[in-house]
Number of protein chains: 2
Amino acid sequence: MDTRTLCLGVLNRGDATGYEIKKSFEEGPLAHIHEASFGAIYPALTKLAEEGLVAYRAEPQSQRADTRSKRPDKKHYSITRSGEAALEAALVRQPRRDEVRSDFLFILFFAHRLSPAELTRLIDARIAGYDEILERMQACDRLAERPAGERFVHEFGLAVYQRARAFLADNRDRLLAEAAADAAPTAAGRVAAAK
Amino acid sequence: MDTRTLCLGVLNRGDATGYEIKKSFEEGPLAHIHEASFGAIYPALTKLAEEGLVAYRAEPQSQRADTRSKRPDKKHYSITRSGEAALEAALVRQPRRDEVRSDFLFILFFAHRLSPAELTRLIDARIAGYDEILERMQACDRLAERPAGERFVHEFGLAVYQRARAFLADNRDRLLAEAAADAAPTAAGRVAAAK
DNA sequence: GGTTGCATGTAAATGGTTACATGATTGT
DNA sequence: ACAATCATGTAACCATTTACATGCAACC
């Protein structure tokens, strides 16, 4: 998905500023589904407005109404009819396969190269990270008012994150023991490996 | 993780050509953890070799040993001591948070904008996709010979994908019904919404 | 005879990240 | 007084994707 479609999607849920769109990818309902940075969002909105897919209402942010203050207006964007049509066209195109980039899993792959302390820190930080995500997701209210798709995606995320968290918690100690054995094989280990 | 570190990681498991490195991100044990394209891998390997972090043995691919055939040599890369050191240094740096980009979930978010047929197709294709992934992962043999980290990541992936698959299968029909209700509200629905 | 898989590589184009610049307000 | 949050925007830089070029062998 390009940033333009992502913006249309957010605006389809309700009016927002560029800043708020960014937030919805960080903490909002679209967090963990896609990413978008300011450097991508602002140019995308400008282009979208040029093409008539979104409209905006500018709100001055300077108190001094006098001269050209350098502070730019705050822009409340809303999706237009053609914007909705463009979004719908994007939704029916078959999705490209998910992209995942997990430094955590890549590092964990080489667990035997890490010291027990580092490995412990890595996993515990991750469990804590999942707890944070899950707490924030569960604190999310007014969900019942949202459309079915949003609720579904929310529950899907909860289910998957809960499973991931549980797997880490349940298998942490085993990994610690096995990684230590791989890193510094015992005499018995070396005999077994030699066979 | 930059592509260079990714290459070092793969080569740490054993010698490989650029082509094989690419494959290991597609079907191999590192699939779904990170991505890397030819256009990223080949330049990365060249640079890595210049810096002495990897070495390679060139194998001519042309039968005609005569003149400069245009066909480039096949290069078997292996990691060097300094390459291993560089990898280890990268592993202890604290990982940046995971990136996920899921067009599927983004589209699902707007389920009520899709026709029932499209929604059904979307979800069923996804379930089938999970089945394919799970089958390939379960067919993976000689896992017992791999270090603890690899086995752990493998099992983590299995657990999470299985949960994701199960959630979709268990909640598919409910979503279909609810999305249809959202898309074309009944009189009762409109009354409830008005309150 | 055509497609698929093996195998490397380059160049152009894309698209995004990062860093910077600016400035007000609110909380500590 | 300082940090954080709100708020927009630009530009340089970077990395990656995509397309292309080349070529052989195996299989159908």
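Just so it is clear, the model here is predicted, and its values are computed rather than measured. Below, read A as the first sequence line, B as the second, and so on, with proteins coming before strands; counting in each chain starts at 1.
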| field | Along DNA chain C (nearest heavy atom to each residue), the more 5'-positioned of B:Lys74 and A:Ala40 | value | B:Lys74
| B:His34 NE2 to D:dT17 C1': how many Å, rounded? | 17 Å
| Can you tell me how far C1' of C:dT8 sits from CZ of B:Arg57, to the nearest Å? | 16 Å
| query | With a cut-off of 6.0 Å (strictly less than), are more than 12 heavy atoms of other residues, nucleotides or ligands near CZ of B:Arg174? | reply | yes
Between the protein and nucleotides 9-13 of chain D, which nitrogen or oxygen pairs come in under 3.5 angstrom?
| residue | atom | partner | partner atom | Å |
| --- | --- | --- | --- | --- |
| D:dG9 | OP1 | A:Lys75 | NZ | 2.4 |

| query | Looking at side-chain heavy atoms only, is the closest gap between B:Arg121 and A:Gln94 below 4.5 Å? | reply | no
| message | Nearest 0.5 Å, please: how far is CG in A:Leu45 from SG in A:Cys7? | response | 4.5 Å
| said: With the threshold set at under 4.0 Å for non-hydrogen atoms, list the residues of residues 89-110 of chain A touching DNA chain C in residue-number order. | reply: none
| Between B:Phe152 and B:Phe156, what is the ring plane arrangement, given parallel below 30°, perpendicular above 60°, and tilted in between? | parallel
| request: Specify the separation, in whole Å, of atom CG of B:Asp2 and atom P of C:dG16. | output: 20 Å
| query | Considering residues at least two apart in sequence or located in another chain, which fulfil the ring pair (Phe, Tyr, Trp, His ring centres under 6.0 Å) criterion with B:Tyr19? | reply | B:Phe38
| query | Any side-chain N or O of A:Ser37 under 4.0 Å from OP1/OP2 of C:dG16? | reply | no
Name each donor-acceptor pair under 3.5 Å that joins a side chain in residues 22-30 of chain B to protein atoms two or more places apart or in another chain, with its distance.
| residue | atom | partner | partner atom | Å |
| --- | --- | --- | --- | --- |
| B:Lys22 | NZ | B:Glu26 | OE2 | 2.7 |
| B:Ser24 | OG | B:Ile21 | O | 2.7 |

| message | On the nucleotide C:dG16, are OP1 or OP2 found under 4.0 Å from the side-chain N or O atoms that A:Thr3 carries? | response | yes
| query | What's the spacing between B:Arg146 CZ and A:Phe109 CZ if we round to 0.5 Å? | reply | 7.0 Å
| message | Within the 3.5 Å criterion, strictly below it, is a donor on B:Tyr161 or B:Arg165 matched to an acceptor on the partner's side chain? | response | no
| Gap separating the CZ atom of B:Arg136 from the CD atom of B:Gln138, nearest 0.5 angstrom | 12.0 Å
| message | Nearest 0.5 angstrom please: A:Met1 CE to B:Leu105 CG, how far? | response | 11.0 Å
| Rounded to whole angstrom units, what separation is found between the OH atom of A:Tyr56 and the P atom of D:dT8? | 12 Å
| field | Rounded to 10 degrees, the angle between the two terminal axes of the helix from C:dG1-D:dC28 to C:dT28-D:dA1, each from five pairs | value | 40°
| Which residues, if any, of residues 6-31 of chain A bring a heavy atom under 4.0 Å of DNA chain D? | A:Thr17, A:Gly18, A:Tyr19, A:Lys23
| request: In whole angstrom, give the distance that lies between atom CD of A:Glu35 and atom C1' of C:dG15. | output: 15 Å
| Going by atom types only, do B:His32 and A:Asp98 share a side-chain donor-acceptor pair under 3.5 Å? | no
| field | Student check: side-chain heavy atoms of B:Leu168 and B:Leu175 closer than 4.5 Å | value | no
| field | Euclidean distance, A:Thr5 OG1 relative to A:His34 NE2, rounded to 0.5 Å | value | 9.5 Å
| query | Taking atom CZ of A:Arg163 and atom CZ of B:Arg163, what is their separation to the nearest 0.5 Å? | reply | 9.0 Å
| query | Whole-Å distance between D:dC14 P and B:Arg4 CZ? | reply | 14 Å
